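Small disclaimer: the values here were computed from a predicted structure and weren't measured.
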Amino acid sequence: MMLRDKVVVVLGVGPGLGRSIALASAREGADVLLAARTESRLEEVAKEVTVSGRRALVVPVDLTDVTAGERLADAAAAEFGRVDAVAYNALAMPPIKDLMVVDPDAVRDALDANAVTALRLIRGLVPRLTAPGGSVVMINSMVVRYSQRTMGPYKMAKAALLAMAQSLATELGPRGIRINSVAPGHIWGDSLKWYFSYLGHKRGVDAQVIYDETAASIDLGRLPEPDEIADAAIFLASDMARAITGQCLDVNCGEYHH
């Protein structure tokens, strides 16, 4: 078990990747604190964690709240005594528009809701992180590896998140705390399945046609699934990656090389 008896805080728990990270953490021996706005969703994932024999603490919270980091750190300390790893999976989606036409205020809000929020949360949790040996894994995106029309605001937000992770790795390295990122490609989860069905409906074809067209140029001929992204995050959080910090691991089945 790569995380035996450790405590993992998962920030941003939806039906896809956040859930997969939480369950993978439990599978690898960790107790888990689950943080997001929707309590009913957190409770569902918590039940799955406990089935695997690990403890789960549900903390419904608005992650953009300026006190969220400290509150989560205190909750983890009260329940588990410490924090060993943090997985940041939250996302406030920026406008999907060209930079030349998007409202600059919307871009600023997206940077605040993503990179600045992540910084506040990490700063609040770091005092409780086990040192040396603590780890933070930021879920980023392959959008930092390429440019595409209408994706400029999203790329700016994720690029800021990546730069922040690298800078924090330098600042926190002397304390033995590691900061890394995972950059997924397309994730074959519920959201993408719905979107491919939508595209197929517009074209009058089955969603499998859209999938096959997308996968055709990918080295492994398929799209990664949430559990595969979660496994990469677990590796970076574990002692197996104890000499890795400031890095961004691409998990995209070979769609892009970096």
Heavy-atom closest contact ([X] atom, [Y] atom, distance):
X: Arg178; Y: Ala237; answer: NH2-O, 3.5 Å
X: Val32; Y: Ala26; answer: CG2-N, 4.2 Å
X: Ser25; Y: Leu3; answer: CA-CD1, 4.1 Å
X: Met2; Y: Glu28; answer: N-OE1, 2.9 Å
X: Ser20; Y: Asp227; answer: OG-OD1, 2.9 Å
X: Leu34; Y: Ala22; answer: CD2-CB, 3.6 Å

**Asked** Can you list the steps and then say if Leu249 with Asn180 is a side-chain contact (heavy atoms from CB on, under 4.5 Å)?
**Response** CA-CA 8 Å; Leu249 177 60; Asn180 290 292; over 6 Å; no
In the single-linkage hydrophobic clustering (I, L, V, M, F, W, Y; side-chain heavy atoms under 4.5 Å), do [X] and [Y] co-cluster?
X: Val51; Y: Val49; value: no
X: Leu172; Y: Leu11; value: yes
X: Leu63; Y: Val116; value: no
X: Tyr195; Y: Trp188; value: yes
X: Leu121; Y: Val86; value: yes

Just checking [X]: does its [atom1] atom have more than 12 heavy atoms from other residues, nucleotides or ligands closer to it than 6.0 angstrom?
X: Arg242; atom1: CZ; result: no
X: Arg123; atom1: CZ; result: no
X: Met93; atom1: CE; result: yes
X: Lys47; atom1: NZ; result: no
X: Lys155; atom1: NZ; result: yes

Between [X] and [Y], is any pair of side-chain heavy atoms under 4.5 Å apart?
X: Thr117; Y: Tyr88; answer: yes
X: Val144; Y: Tyr256; answer: no
X: Arg27; Y: Ser52; answer: no
X: Pro224; Y: Ile229; answer: yes
X: Arg145; Y: Cys248; answer: yes
X: Ile21; Y: Ile139; answer: yes
X: Asp112; Y: Arg108; answer: no
X: Glu44; Y: Thr38; answer: no

Name of the residue among Asp219, Asp250, Asn252 meeting side chain to side chain donor-acceptor pair (under 3.5 Å) with His257
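Considering Asp219, Asp250, Asn252, a side chain to side chain donor-acceptor pair (under 3.5 Å) with His257 is found only for Asp219.
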With rounding to the nearest 0.5 Å, note down the distance linking [atom1] in [X] to [atom2] in [Y].
X: Lys97; Y: Asp103; atom1: NZ; atom2: CG; answer: 7.5 Å
X: Thr150; Y: Ile96; atom1: OG1; atom2: CD1; answer: 6.0 Å
X: Lys6; Y: Asp239; atom1: NZ; atom2: CG; answer: 4.5 Å
X: Arg222; Y: Tyr211; atom1: CZ; atom2: OH; answer: 7.0 Å
X: Ser197; Y: Gln208; atom1: OG; atom2: CD; answer: 10.5 Å
X: Tyr154; Y: Leu91; atom1: OH; atom2: CG; answer: 5.5 Å

Notebook entry, point to check: Should Val209 and Asp212 be marked as a side-chain contact (heavy atoms from CB on, under 4.5 Å) after you check the CA-CA gap, both sets of side-chain angles, and the distance that decides it?
Noted result: CA-CA 5 Å; Val209 174; Asp212 292 341; 5.7 Å; no
Does [X] come within less than 4.0 Å of [Y], counting only side-chain N to carboxylate O?
X: Arg54; Y: Asp5; result: yes
X: Asp74; Y: Arg71; result: no
X: Arg120; Y: Asp65; result: no

Let's go through Leu33 and Val7 carefully: what are the C-alpha distance in whole Å and the side-chain angles of both, what is the deciding distance for side-chain contact (heavy atoms from CB on, under 4.5 Å) to 0.1 Å, and is it a yes or a no? CA-CA 8 Å; Leu33 184 151; Val7 175; 5.6 Å; no
So does [Y] get a backbone contact from the side chain of [X], meaning a donor-acceptor N/O pair under 3.5 Å?
X: Glu228; Y: Glu225; answer: yes
X: Ser141; Y: Ala183; answer: no
X: Gln166; Y: Met164; answer: no

(request) Begin with the C-alpha distance, continue with both residues' side-chain angles, and end with the deciding distance and a verdict on side-chain contact (heavy atoms from CB on, under 4.5 Å) for Val126 and Leu168. (result) CA-CA 11 Å; Val126 158; Leu168 285 174; over 6 Å; no
Quiz prompt | Residues which pass side chain to side chain donor-acceptor pair (under 3.5 Å) with Arg55, listed by chain and number, not counting sequence neighbours | solution =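 For Arg55, the residues satisfying side chain to side chain donor-acceptor pair (under 3.5 Å) (neighbours in sequence not counted) are Asp31.
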Which residue in the set Thr245, Ile179, Leu125, Val9 passes side-chain contact (heavy atoms from CB on, under 4.5 Å) when paired with Val136?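 Per the side-chain contact (heavy atoms from CB on, under 4.5 Å) rule, the option paired with Val136 is Ile179, out of Thr245, Ile179, Leu125, Val9.
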